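As structure tokens, the structure follows; a few thoughts come after it.
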Amino acid sequence: MNVLMINSDSGIGSTGRIADDLCHALIKRGHCCLLAYGRKNAGENPDAIRVGSQWDVLWHTLQTRLLDAQGLCSKSATRAFLKEAAKFSPDVIHLHNLHGSYINIPLLFHWLKELNKPVVWTLHDCWPLTGHCTNFTAIGCRRWETGCQSCPQRQAYPKSWLVDRSAQNMALKRRLFTSLDKMTLVPVSQWLSQQAAQSFLGGCERRVIPNGVDRRIFAPTKSDFRARYNLGGKTILLGAASVWSPWKGLSMFNALSARLDETYQIILVGVTQAQKKKLSKKIMTFEHIQDPQELANVYSATDIFLNPSVEESFGLVALEALACGIPVISNSFSANPELITPTCGLVLGDVSAAAFAQAVKKLQINPFKQADCLKRASAFDKEIMLARYLDLYETLYEKAGRLNG
């Protein structure tokens, strides 16, 4: 079986690592995989090819900024890629993030319709459901249910400075994304599946497959992090994000630092230099930690992981903390509650600094057991995720063979 995988990145970021892991798992099982990526490749995957070039990405990004044209550029790059994809002759096509300024959506979906092979599309965020944005929980927007227009998040990723094409984009997505007869949506959470059900994709078959964590890496680790940064005796409160967007809760940590005394240390991972300048001097910050093992060292030195983000289609950083035996304080918005049980963390209905400060003190009085955190994380083991995807590919491949036979 030949599986073509398409994602914005390869081997980097949560979606890039998932795509890379799936490709390796397919090959290990005796199948063939071609991973097409558009932006970054941090893996050592000989079966990965780039769609276009950095120049294509920059030009596509500029067109998005000016004309709200995400997914409508990169025509030459997409045509060249589709020629290579046709030579590969895929039996199953697995789509991940199609936003990222690297591929032309109309050309891709016209090709998929002509190919008439099973398509799996993992929904990592809400972009496939809307005329512009990737998330809408924070502002409570539901325009996407009936048809986007006058987008209140035009300045949010994928940012458009001048034009609002949300209505036209929505109409185009509806036409393209519902044109395939053999497409299975794979939302990464029940919450995201519910959003898809209320969108124009509601008629598509859906199968929820949560993201997985590599428990060989993210596990309780003998960490020297406290010693390195002279944090002995401190209660460490950790927050982490790949991108600290306004809705991830950076301002909450700032306010929380003013409520805590010197016995606490807030640590934030993924903070840019510009964001650091706006944070309290009491907060210790790190830019991106690319080495997963080093990240596991940070988690393992932590007492409590805080996740105030209200826009989480899954919440992988919280899962990584649980896998290192660290309890999590999160909130009741979007997919956050799906990870947290009463034995491994707290789910708050309020994302204020006061609510998080109170929850921290409550958890210190009645701490959770490391074993319970680890047990919860075991339900989301990466090998479980990979096996479910492989079974889905093989089921769709066999079904298509029966229909064509």
Side-chain angles (χ1 to χ4, degrees), residues 12-14 17-18 21 42 210-242 244 248-249 253 256-257 260 262-271 282-309 312 314-330 336 339-341 343-347 356 359-385:
I12 190 169
S14 58
R17 288 194 294 269
I18 289 169
D21 287 340
N211 292 336
V213 63
D214 189 340
R215 294 194 300 139
R216 295 169 302 177
I217 296 174
F218 293 99
T221 304
K222 187 177 181 180
S223 175
D224 64 347
F225 183 81
R226 284 178 176 269
R228 265 189 282 158
Y229 294 97
N230 195 27
L231 297 174
K234 298 276 192 179
T235 297
I236 297 180
L237 308 176
L238 177 66
S242 56
W244 284 98
K248 289 289 185 179
F253 284 103
L256 180 62
S257 68
L260 301 176
E262 67 279 358
T263 63
Y264 295 89
Q265 179 61 63
I266 297 175
I267 297 174
L268 299 178
V269 176
V271 175
K282 296 166 61 178
I283 298 176
M284 182 181 292
T285 64
F286 295 85
E287 294 188 48
H288 291 295
I289 299 176
Q290 300 291 1
D291 181 2
Q293 190 60 65
E294 177 59 21
L295 192 53
N297 289 338
V298 179
Y299 283 126
S300 295
T302 298
D303 293 291
I304 305 171
F305 185 84
L306 307 183
N307 184 22
S309 171
E312 293 287 353
F314 178 74
L316 186 60
V317 287
L319 177 58
E320 289 171 349
L322 289 172
C324 292
I326 308 305
V328 175
I329 300 176
S330 190
N336 285 314
L339 282 177
I340 313 302
T341 65
T343 62
C344 67
L346 301 174
V347 176
F356 270 86
V360 165
K361 290 168 184 176
K362 178 180 178 181
L363 216 153
Q364 284 183 292
I365 296 170
N366 296 297
F368 293 106
K369 296 178 181 179
Q370 183 187 78
D372 289 331
C373 297
L374 298 176
K375 181 179 179 181
R376 181 56 180 161
S378 69
F380 298 92
D381 190 283
K382 184 180 78 170
E383 295 304 318
I384 297 175
M385 176 196 73

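Computed from a predicted structure; not experimentally measured.
Between Lys362 and Ile365, every side-chain heavy-atom pair lies at or beyond the 4.5 Å cut-off. At least one side-chain heavy atom of Ile329 sits less than 4.5 Å from a side-chain heavy atom of Ile304. For the pair Phe225/Ile267, a side-chain contact is recorded, criterion being any heavy-atom separation below 4.5 Å from C-beta on. A 4.5 Å side-chain heavy-atom check between Met385 and Ile18 finds at least one atom pair inside the cut-off. The shortest distance between side-chain heavy atoms of Tyr264 and Val360 falls below 4.5 Å. Contact annotation: the side chain of Leu237 never approaches that of Phe356 to less than 4.5 Å [non-hydrogen atoms, C-beta and beyond].
Here CZ of Phe253 is found 5.5 Å from CG of Leu268. Values are rounded to the nearest 0.5 Å. Atoms SG and CD, on Cys344 and Gln370 in that order, are 13.0 Å from each other to the nearest 0.5 Å. With values rounded to the nearest 0.5 angstrom, Leu295 atom CG is found 8.0 Å from Leu238 atom CG. Going from atom CD of Gln364 over to atom OG1 of Thr263 covers 7.0 Å, rounded to the nearest 0.5 Å. Note: Asp21 CG to Glu383 CD = 8.5 Å, rounded to the nearest 0.5 Å. To the nearest 0.5 Å, the span separating CG on Leu316 from OG on Ser14 amounts to 6.0 Å.
Within a 6.0 Å sphere centred on CG of Asp291, other residues, nucleotides and ligands contribute more than 12 heavy atoms.
Checked by atom type and distance alone, the side chain of Arg215 never pairs as donor or acceptor with a backbone atom of Asp381 at under 3.5 Å. In this structure, Arg376 contributes its side chain and Leu339 its backbone to a donor-acceptor pair below 3.5 Å. Within the 3.5 Å criterion, the main-chain N or O of Leu231 finds a donor-acceptor partner in the side chain of Arg226. Using a distance-only test at 3.5 Å, with no hydrogens or angles considered, no donor-acceptor pair links the side chain of Asn297 to the main chain of Thr221.
Ala240 approaches Tyr299 most closely through the heavy-atom pair CB-OH, 4.4 Å. Listed here is the closest heavy atom pair of Asn211 and Leu319: O-CD2, 4.1 Å. Minimum heavy-atom separation, Cys373 to Ile326: SG-C, 3.9 Å. Here the shortest heavy-atom pairing between Lys282 and Leu260 reads NZ-O, 3.2 Å. Contact detail for Leu346 and Phe368: the closest heavy-atom pair is CD2-CZ, 4.1 Å. Taking each heavy atom of Ser300 and Cys324 in turn, the nearest pair found is OG-CB, 4.0 Å.
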Trace of the side chain to side chain contact (heavy atoms under 4.5 Å, CB included) decision for Asp214 with Arg17: CA-CA 11 Å; Asp214 189 340; Arg17 288 194 294 269; over 6 Å; no

Side chain to side chain contact (heavy atoms under 4.5 Å, CB included) assessment of Val317 paired with Val269: CA-CA 10 Å; Val317 287; Val269 176; over 6 Å; no

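For an aromatic pair to be called close, the ring centres must be under 6.0 Å apart, and Phe218 with Phe380 fails this.
In this structure, Lys234 does not pair ionically with Glu262, as no charged nitrogen and carboxylate oxygen lie closer than 4.0 Å.
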